[in-house]
Amino acid sequence: MMPVRLGPLLLAHPIINASGTMEILDLAEVLGPDVLSVPPVAAYVPKTITMDARTGNPAPRILETPGGMINAIGLEGEGLKGFVADRLPRLLALPCPLIISIGGFSLDEYVGLAAGLREALEAALGDGWTAKAGLELNISCPNVHSGCVSIGSNPAETELVVGAVRKIWPGLLIAKLTPNVTDITAIARAAEAAGADAVAAVNTYKGLVIDRKTLRPYLGNVTGGLSGPAIKPLALRAVYELYETVGIPIVGMGGVATARDVLEFMACGAAAVAVGSAAFRDPSVGASLAVDLWDELTARGTSVADVVGVAHRPV
Amino acid sequence: MMPVRLGPLLLAHPIINASGTMEILDLAEVLGPDVLSVPPVAAYVPKTITMDARTGNPAPRILETPGGMINAIGLEGEGLKGFVADRLPRLLALPCPLIISIGGFSLDEYVGLAAGLREALEAALGDGWTAKAGLELNISCPNVHSGCVSIGSNPAETELVVGAVRKIWPGLLIAKLTPNVTDITAIARAAEAAGADAVAAVNTYKGLVIDRKTLRPYLGNVTGGLSGPAIKPLALRAVYELYETVGIPIVGMGGVATARDVLEFMACGAAAVAVGSAAFRDPSVGASLAVDLWDELTARGTSVADVVGVAHRPV
Amino acid sequence: MAGGAPAVWPPVAGAGAGGAFAARCLGAVVENRSLGSLVWLTLEVPGWPGAVPGQFAMLQARDSGCFLGRPLSVSAQYGEVVSFMIAPIGEGTRELCALSVGEQVWVLGPLGNGFDLDLLTAGPGRTVLVGGGVGAAPFPLLLSALAARYQQTPPPADAPKPEVLVLLGFRDASQACGAGPLAGAAEELEAAGVSCPGEVATEDGSIGRPERVTETMWRQVRPGDRLAVCGPWPMIEGVAKVCACIPDVQVWYSLEAGMACGVGSCHGCVVTLADGSRARVCREGPVFSSAALFDRGCFDAPAGGAS
Amino acid sequence: MAGGAPAVWPPVAGAGAGGAFAARCLGAVVENRSLGSLVWLTLEVPGWPGAVPGQFAMLQARDSGCFLGRPLSVSAQYGEVVSFMIAPIGEGTRELCALSVGEQVWVLGPLGNGFDLDLLTAGPGRTVLVGGGVGAAPFPLLLSALAARYQQTPPPADAPKPEVLVLLGFRDASQACGAGPLAGAAEELEAAGVSCPGEVATEDGSIGRPERVTETMWRQVRPGDRLAVCGPWPMIEGVAKVCACIPDVQVWYSLEAGMACGVGSCHGCVVTLADGSRARVCREGPVFSSAALFDRGCFDAPAGGAS
Ligand SMILES: Cc1cc2nc3c(=O)[nH]c(=O)nc-3n(C[C@H](O)[C@H](O)[C@H](O)COP(=O)(O)OP(=O)(O)OC[C@H]3O[C@@H](n4cnc5c(N)ncnc54)[C@H](O)[C@@H]3O)c2cc1C
Ligand SMILES: Cc1cc2nc3c(=O)[nH]c(=O)nc-3n(C[C@H](O)[C@H](O)[C@H](O)COP(=O)(O)OP(=O)(O)OC[C@H]3O[C@@H](n4cnc5c(N)ncnc54)[C@H](O)[C@@H]3O)c2cc1C
Ligand SMILES: Cc1cc2nc3c(=O)[nH]c(=O)nc-3n(C[C@H](O)[C@H](O)[C@H](O)COP(=O)(O)O)c2cc1C
Ligand SMILES: Cc1cc2nc3c(=O)[nH]c(=O)nc-3n(C[C@H](O)[C@H](O)[C@H](O)COP(=O)(O)O)c2cc1C
Ligand code: FES
Ligand code: FES
């Protein structure tokens with residue numbers, strides 16, 4: 001069975017995690033170190049790293065909704081320096097590639113984050129680092145009030161940011177797209193033109209929930225991002241349209257919970273598929289999906305290569 | 001209890017139906033004529049009328065999805081002439097106002113539809129017709145391949161169409177918005193500037209489902225529109241943003257199934273609330289919602305007037 | 001008429017949830033009997049008005065995880081006690097099949113047009129019921145209705161004994177248990193002086209003849225017969241091809257289609273008719289004549305279909 | 001390390017769904033006992049490693065209509081038999097409370113830090129457990145653990161008899177049935193030579209004193225006491241205000257928060273700590289010291305909170 005190629009990275013199978021939905025180092029402490037030696041995903045994607053440390057949005061930050069959930073975490077995190085010093089070394093010890101998600105509030109921040117990570121990776125791994133670690137540009141987080149999301153809803157700004165990072169980042173470069181736009185393919189074309197190796201789609205759909213007692217917005221951040229099975233038909237459509245538009249690989253995500261969901265994303269055109277919210281109820285779901293996908297493909301007598309994009313071809 | 005005013009129409013309560021989700025004349029034949037003498041809604045909205053008769057999209061057209069459903073009906077219908085001759089007289093006999101939804105494939109068609117309806121209404125009711133019947137411009141159907149949806153995702157075109165209809169339509173004029181845009185408030189501002197009396201939000205979210213056997217698109221139309229509880233957080237956010245943007249009333253909809261949902265839409269800013277897909281499983285849900293809303297408001301010691309927009313005010 | 005808003009709100013004061021017009025009602029499970037791979041689910045449905053054979057109801061378990069109801073043919077009814085024969089193929093039907101006695105189900109119905117008994121029994125030919133899989137579901141009710149009809153208006157003594165022939169095709173023996181509930185109704189027919197032979201075929205040959213029901217038809221159907229056919233679309237097509245070759249048969253097909261509302265509101269359940277127009281399976285159907293469905297009244301070109 | 005992709009796919013050949021690393025497991029209901037308005041749900045959880053008192057698990061009925069699990073404190077455990085005390089307040093908890101013996105539940109846990117028995121029993125003061133409503137859920141396990149501890153290391157004969165005081169506040173008598181499961185554990189303590197008095201208050205006065213548990217505290221808590229507190233955020237605030245006025249008490253609060261994952265992955269369950277930083281209730285908690293939570297170790301300014 002062919003592994004999946006994303007730029008210079010080779011993935012053992014098509015299942016990765018969605019950024020912000022799996023803290024693998026915490027999992028190792030809570031559930032045991034097996035998760036580090038046999039990760040449930042073919043590449044590990046940490047939560048989006050920002051330049052400075054951020055405390056994120058005020059509570060409450062999450063609520064279950066029909067068929068899914070809404071969140072407004074607000075890119076909480078230790079910032080670039082903390083990540084490089086504290087978590088990066090341990091994550092580089094994983095037996096799988098690393099796709100590091102970064103989010104900036106300006107073009108300079110994106111470039112600074114990429115430069116900082118490149119430096120750290122070169123120091124740790126030498127020249128071969130591009131076979132181990134890639135970059136995902138989160139230009140699509142709906143839960144911060146300035147910066148990345150406005151970039152991701154504008155083709156020109158997308159092209160600028162992706163192009164600037166491309167200049168200094170020789171490794172895998174993915175642009176993660178927001179679906180909260182009139183035409184996601186225009187953003188993807190801009191990312192492709194600027195040299196992205198792949199696009200990831202989708203980030204969450206902007207929504208709002210009301211507190212049943214006060215009738216005021218429930219989330220501390222007022223709005224949040226919808227994820228989970230509820231959005232799967234929307235995400236599939238985005239991937240389907242992207243496959244007809246760009247030539248670079250697509251990392252599909254949005255509501256994946258079963259191997260059939262994975263197949264559906266691949267049929268629409270995803271070369272790799274990320275599982276996000278479903279890993280909250282089952283942190284090992286990535287491993288189950290990989291195994292079940294293998295079984296499904298075998299049962300159908302087909303392969304990853306044949307399934308990707310099949311929905312676009314006549315029966 | 002104050003009735004709800006939408007332009008020149010007075011509604012006994014805030015609950016109406018969403019266009020395309022209730023064939024009240026069929027209901028009368030299937031479930032008995034009570035539905036015509038005591039309609040479950042405060043105003044009846046027929047399925048979008050087009051200029052010419054349309055057979056709509058090929059089957060299959062609907063599928064249940066997690067927390068909702070997807071449809072690609074494709075504006076099937078008898079066309080303006082058939083509607084005016086066949087159904088309009090019977091619908092005018094309902095003891096509640098009528099909000100007639102129209103969908104055109106060009107500016108001329110919108111104007112032609114409005115003119116034709118005005119003529120028919122004047123002939124049937126004389127001068128007083130504007131107290132009985134209003135117009136909803138469907139500039140947002142995701143399931144037809146040209147025409148109305150592109151208008152609704154472009155502020156300039158929206159202004160043009162709404163303005164042209166406004167010139168010849170003295171009655172209630174609602175612009176029904178698509179949520180499949182980067183900024184729904186820009187479209188709403190255009191509609192308001194062009195003289196719309198109200199906006200309706202939202203139409204369905206564009207999605208796609210995959211046939212589990214063939215791995216090809218399931219719907220005959222390839223893509224379809226997502227509706228039902230799954231989209232409620234997305235629709236609430238749209239209504240919330242619209243309330244901060246436009247001064248005209250908002251008709252809120254998207255996933256309404258319970259009186260609490262109705263309250264949530266009103267809290268976000270909806271003056272009236274439409275129930276759509278939930279009426280498929282229970283055609284009388286409108287009546288239950290009205291009664292339950294009354295009970296809820298009474299229990300909370302509040303009123304329609306106080307609840308509308310309350311989510312925007314401090315506790 | 002002017003103005004038009006009723007003056008009171010809530011529209012029906014003090015009527016409680018549902019108001020004057022409550023479309024659905026809650027039925028309670030009185031029996032859940034396994035029939036091989038199918039389930040015979042019997043509900044007590046307050047106010048059930050009685051269904052014409054071939055009519056269906058939209059069912060949804062009260063605490064369902066599904067959003068919409070599911071269309072299911074009425075298989076039997078005795079007053080307000082109504083039975084359904086259900087194949088657990090997806091979430092909605094699995095929920096229903098898992099219900100225990102006493103649990104509740106939302107019921108909307110009866111819906112659709114049903115079979116026309118006059119047409120099915122007119123003329124000298126036999127009435128032939130052709131069912132594929134759980135497509136046999138409406139037949140117990142249809143046979144009972146035919147029995148009642150012959151009992152009320154017995155055939156003239158000098159006429160040849162009328163015959164209702166039942167041809168059923170199943171995947172395997174476990175699905176063929178669905179034939180069980182027809183036995184009682186067949187006896188009613190015999191008691192009414194009507195002969196009611198039947199034949200069962202299974203695809204895997206585990207019970208009955210190892211063939212498809214269309215093959216049984218080649219042997220059994222005769223010119224002049226009137227057919228009531230119920231099953232999935234591929235079977236409908238197969239039956240139509242057979243019927244195209246037998247002169248002077250008249251056929252009524254009960255179609256399946258994905259449904260959201262069952263009452264004509266959503267336009268989701270359409271089938272393309274022979275004349276190119278579209279009909280709602282839930283309103284104009286589920287029973288359509290071969291003339292309506294197929295060019296020249298029989299299948300020779302892919303006119304459309306509900307799936 | 002270079003390259004890094006493991007060569008085989010599936011990652012663990014033939015391991016079946018879940019592979020080598022299966023985080024959740026399916027437990028089976030062995031008892032569903034009603035406790036007034038609460039439910040005492042006992043599961044057999046294969047491989048349950050044992051929880052520290054105050055730890056919780058994420059539970060989800062196997063055929064749940066909910067997307068996510070729900071955090072529930074471990075109330076008792078005997079090997080792989082684990083009990084939870086559940087208030088059916090929403091869809092998730094109602095589903096769990098409706099389960100019958102034999103039905104299955106996804107279990108992820110034990111999770112969180114739990115109470116530190118060393119700290120709770122250090123020094124000469126008493127250990128005081130303060131619970132609000134279903135906040136009493138972790139206390140049966142906590143009392144049992146304290147009993148085991150005193151049994152293993154009996155207090156010196158010349159020292160005053162240790163005391164564990166239990167103060168519980170409930171909405172009404174029907175919720176106060178949640179105090180029941182503490183009785184057995186209290187007896188274990190008495191048997192271990194520890195006195196274990198308790199007091200129950202209800203807001204509506206239908207059982208016990210007609211007061212809030214914070215009022216009970218004014219009467220009962222003494223300088224030097226060490227408190228384990230569990231309940232909803234408004235009660236936590238109330239308790240903190242009382243404790244701010246009693247010198248030399250140390251308090252550990254077990255907090256509630258909406259959770260998606262329970263394992264630290266989502267950052268959804270945060271509480272704002274006294275120093276302005278945010279902590280995940282599921283990972284850094286659910287138990288936090290008063291020093292961590294409140295400025296000057298007690299409540300006088302709204303530092304944050306989980307809701
Ligand atoms: C008038 C009428 C009468 C009927 N009477 C009976 C009866 O008496 N007994 C009975 O058992 N059934 C009957 N049916 C069929 C029954 O309604 C369906 O089996 C039921 O709706 C299935 O619902 P579900 O939730 O179990 O399955 P679902 O999961 O909803 O599947 C429903 C159908 O859609 C297809 N489907 C769903 N999702 C996909 C996808 N992604 N890709 C491809 N296909 C998909 C499935 O193959 C299946 O055929 C009747 C149908 C009609 C229209
Ligand atoms: C560590 C920990 C331990 C716990 N231990 C126990 C225990 O042992 N026993 C127990 O019974 N409970 C316990 N809980 C609480 C329990 O987890 C919740 O009651 C449960 O998650 C509720 O889920 P639900 O689906 O029943 O309700 P939901 O409907 O999910 O409601 C959950 C909470 O969110 C609020 N909420 C939901 N939607 C809205 C909205 N739109 N507006 C405003 N508020 C909303 C509700 O008020 C409720 O408090 C514990 C919680 C934590 C964090
Ligand atoms: C709690 C939560 C936190 C998230 N954080 C991030 C993030 O930091 N960066 C990012 O690019 N996407 C983030 N996402 C979006 C997911 O990566 C993913 O795009 C989205 O949730 C859709 O996938 P799903 O439906 O499988 O969850 C987050 C999603 C959730 C639910
Ligand atoms: C089957 C179906 C048909 C619809 N047809 C129309 C239509 O003809 N015109 C229109 O403006 N909206 C149409 N809609 C959109 C609804 O009016 C409504 O905007 C949408 O479904 C969201 O509401 P809901 O979630 O309550 O269904 C249709 C929706 C469905 C599900
Ligand atoms: S199912 Fe809605 S029209 Fe037939
Ligand atoms: S619940 Fe996910 S981090 Fe705590």
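The chains referred to below are lettered A, B, ... by the order of the sequence lines, with proteins before strands, and numbering in each begins at 1.
Minimum heavy-atom separation, Ser265(D) to Met22(A): OG-CA, 3.5 Å. Annotation for Leu108(D) and Arg281(A): closest pair CD2-O, 4.5 Å, computed over non-hydrogen atoms. Of all non-hydrogen atoms in Ala23(D) and Pro283(A), the two that sit nearest each other are CB-CD, 3.6 Å.
Here the straight-line distance linking atom CG of Leu111(D) with atom CG of Leu31(A) works out to 7.0 Å at 0.5 Å rounding. Remark: Met69(A) CE to Cys266(D) SG distance equals 6.0 Å, nearest 0.5 Å. Distance check, rounded to the nearest 0.5 Å: CD of Glu64(A) to CZ of Arg70(D) gives 4.0 Å. Taking SG from Cys261(D) and CG from Asp282(A), the interatomic distance works out to 12.0 Å, rounded to the nearest 0.5 Å. Between the SG atom in Cys282(D) and the CG atom in Asp26(A) there is a gap of 8.0 Å [rounded to 0.5 Å].
Of the listed residues Cys66(D), Gly92(D), Gly69(D), the one with more heavy-atom pairs under 4.5 angstrom with chain A than any other is Cys66(D). Annotation: maximal heavy-atom pairing with chain D below 4.5 Å, among Ser277(A), Gly20(A), Gly276(A), occurs at Ser277(A). Ranked by heavy-atom pairs under 4.5 Å with chain D, the list Ala43(A), Pro229(A), Gly67(A), Ala230(A) is led by Pro229(A). By number of non-hydrogen pairs under 4.5 angstrom with chain A, the leading residue of Gln60(D), Met259(D), Met58(D), Arg278(D) is Arg278(D). In terms of non-hydrogen atom pairs under 4.5 Å with chain A, the most contact-rich of Ala260(D), Gly112(D), Gly264(D) is Ala260(D).
At distances below 3.5 Å, not a single donor-acceptor pair connects side-chain atoms of Glu76(A) with backbone N or O atoms of His267(D).
Summarising the local packing, CG of Asp275(D) is surrounded by more than 12 heavy atoms from other residues, nucleotides or ligands at distances under 6.0 Å. Counting heavy atoms of neighbouring residues, nucleotides and ligands inside a 6.0 Å radius, atom CD of Glu44(D) does not exceed 12 of them. The number of heavy-atom neighbours closer than 6.0 Å to CZ of Arg87(A), taken from other residues, nucleotides and ligands shown, is above 12.
For chain D, the nearby parts of Thr55(A) are the backbone and the side chain; heavy atoms of each come within less than 4.5 Å. Of the atoms belonging to Arg24(D), heavy atoms from both backbone and side chain fall under 4.5 Å from chain A.
Taking 4.5 Å as the limit, every side-chain heavy atom of Pro58(A) sits out of range of all side-chain heavy atoms of Thr272(D).
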